Amino acid sequence: MPLSANNPDRKSWLHVDKNSDFPIQNIPFGVFLTRDDIITIGTRIGDTAIDLGALHQLGYFDGIALTDDIFLQDTLNDFIADGRKTWRAVRHRIAKIFDAENAALKNNVKHKEIVLFRLDEIEMQLPVQIGDYTDFYSSIEHATNVGTMFRDPDNALMPNWLHIPVGYHGRSSSIIPSEIPVHRPQGQTLPNGATEPVFGPSRLVDFELEMAFITTDANDLGEPIPVEEAEEYIFGLVLLNDWSARDIQKWEYVPLGPFLAKNFASSISPWIVTLDALEPYRVEGPKAIKPQLDYLQYKGKKSFDINLEVAIQPKGAKELVVSKSNFKYMYWNMSQQLAHHTVNGCPVNSGDMMGSGTISGSTPDSYGSMLELTWRGENPIKMKDGSERKFINDNDTVIMRGYCEKDGTRIGFGQVSTELLPVFSKK
Ligand code: MN
């Protein structure tokens with residue numbers, strides 16, 4: 001089935017800035033609160049938010065098998081559960097409705113008043129109710145850097161790393177959309193040289209530059225998803241800042257892995273960009289260093305060329321871009337991650353979220369965490385206001401952005417922007 005919604009020649013009658021992340025070829029999905037305090041599922045073209053619930057009530061999706069209330073919901077879970085055929089039909093229809101050649105809605109002032117919103121009239125919400133959150137560890141550069149710092153430079157990768165897309169089960173209750181601030185966590189740490197732990201604010205709060213994919217209902221208990229079918233069950237991707245408290249992590253992670261160092265917050269960008277929209281940006285992934293077991297072997301291009309960056313903005317000062325990376329660096333791709341996740345029969349549901357793991361490149365300016373960028377704080381970064389950062393300070397805002405670009409078409413994710421507040425205190 002050709003993806004006509006991706007037609008690079010299509011123009012919209014809605015205004016789109018030249019460098020917008022959201023041309024008519026994108027058509028992401030999200031959930032927002034409107035100026036009338038109504039929650040709805042929507043999309044975005046340029047800087048216009050579009051109420052899909054209202055469009056559906058007005059009959060613009062006639063002919064597509066959708067329940068009446070599919071977009072009048074506070075999460076995308078049911079829509080995502082309808083499957084890829086429905087996502088495609090809806091995305092294609094939206095492309096047609098907003099095509100510069102189509103005057104039906106363009107010339108209907110009344111309908112436009114109901115359906116279209118400026119961005120300052122809406123408030124983005126978490127797009128899905130995330131049932132389960134898994135975080136992988138799939139960047140070989142990141143795993144090597146962390147292994148070098150915390151263990152042994154000569155054996156930086158654990159023996160399993162080149163055979164298994166290593167991951168752990170995270171926590172979904174603290175996943176939040178962009179713009180929701182996060183408090184510096186408190187916890188147990190073992191100060192350098194001490195033999196007994198202390199309790200207090202984490203002193204090493206860090207970001208992790210990640211992407212995450214959102215799944216649909218994929219399999220029944222006991223049923224593995226073959227690697228070649230995995231993409232059928234991936235709805236789309238978001239940017240993910242997987243906040244981490246490195247001092248808490250270091251003390252707690254043996255032997256069962258991350259716990260309180262990770263589950264105080266994970267921030268995501270609010271628009272889910274569909275895998276279909278990313279189709280033109282497929283690239284080959286890194287070559288396997290060691291042979292991989294059959295269930296992890298795939299054909300074709302399963303990696304995506306997505307430019308990523310991280311900026312830190314101290315309060316009242318200009319931001320500084322501290323890292324530029326790319327999703328294509330991932331050693332293990334999403335298909336391999338999903339095949340591995342289900343090879344034992346673990347069921348995956350609509351609205352589950354799978355993080356990539358920190359996305360580091362091979363050069364020091366492409367590392368995806370402060371831990372690596374400052375090498376445990378040994379090489380602080382100078383901000384534009386003259387202050388230095390080893391990790392994230394109170395009232396810093398961390399901003400992650402991502403986009404693809406090819407042949408003049410740019411598909412982006414917008415941003416995930418989060419302020420780190422001081423330790424929580426009851427007023
Ligand atoms: Mn992570």
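Values in this document were obtained by computation on a predicted structure and should not be read as measured data. Below, all heavy atoms of this structure are taken into account, side chains as well, without hydrogens, waters or symmetry copies. Every number for a ligand or one of its atoms is a count from 1 in the order of the listing.
The side-chain hydrogen bond (donor to acceptor under 3.5 Å, both in side chains) test applied to D36 returns no partner, not counting sequence neighbours. Residues meeting the salt bridge (charged side-chain N to carboxylate O under 4.0 Å, His left out) test with E228, sequence neighbours left out: K302.
Side chain of N26 to backbone of I411: no donor-acceptor contact under 3.5 angstrom is found.
In this structure, R93 forms no cation-pi arrangement with F61, as its terminal cationic atom is not both closer than 6.0 Å to the ring centre and no more than 45° off the ring axis.
The local environment of OH in Y295 is crowded, with over 12 non-hydrogen atoms from other residues, nucleotides or ligands closer than 6.0 Å.
Distances under 2.8 Å from the Mn ion (ligand 1) pick out the protein N/O/S atoms D135 OD2, E208 OE1, E210 OE2, D242 OD2.
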In residues 186-203, what donor-acceptor pairs under 3.5 Å come from side-chain atoms, sequence neighbours left out?
| residue | atom | partner | partner atom | Å |
| --- | --- | --- | --- | --- |
| Q188 | OE1 | W251 | NE1 | 2.8 |
| S202 | OG | L204 | N | 3.3 |
| S202 | OG | D247 | OD1 | 2.7 |

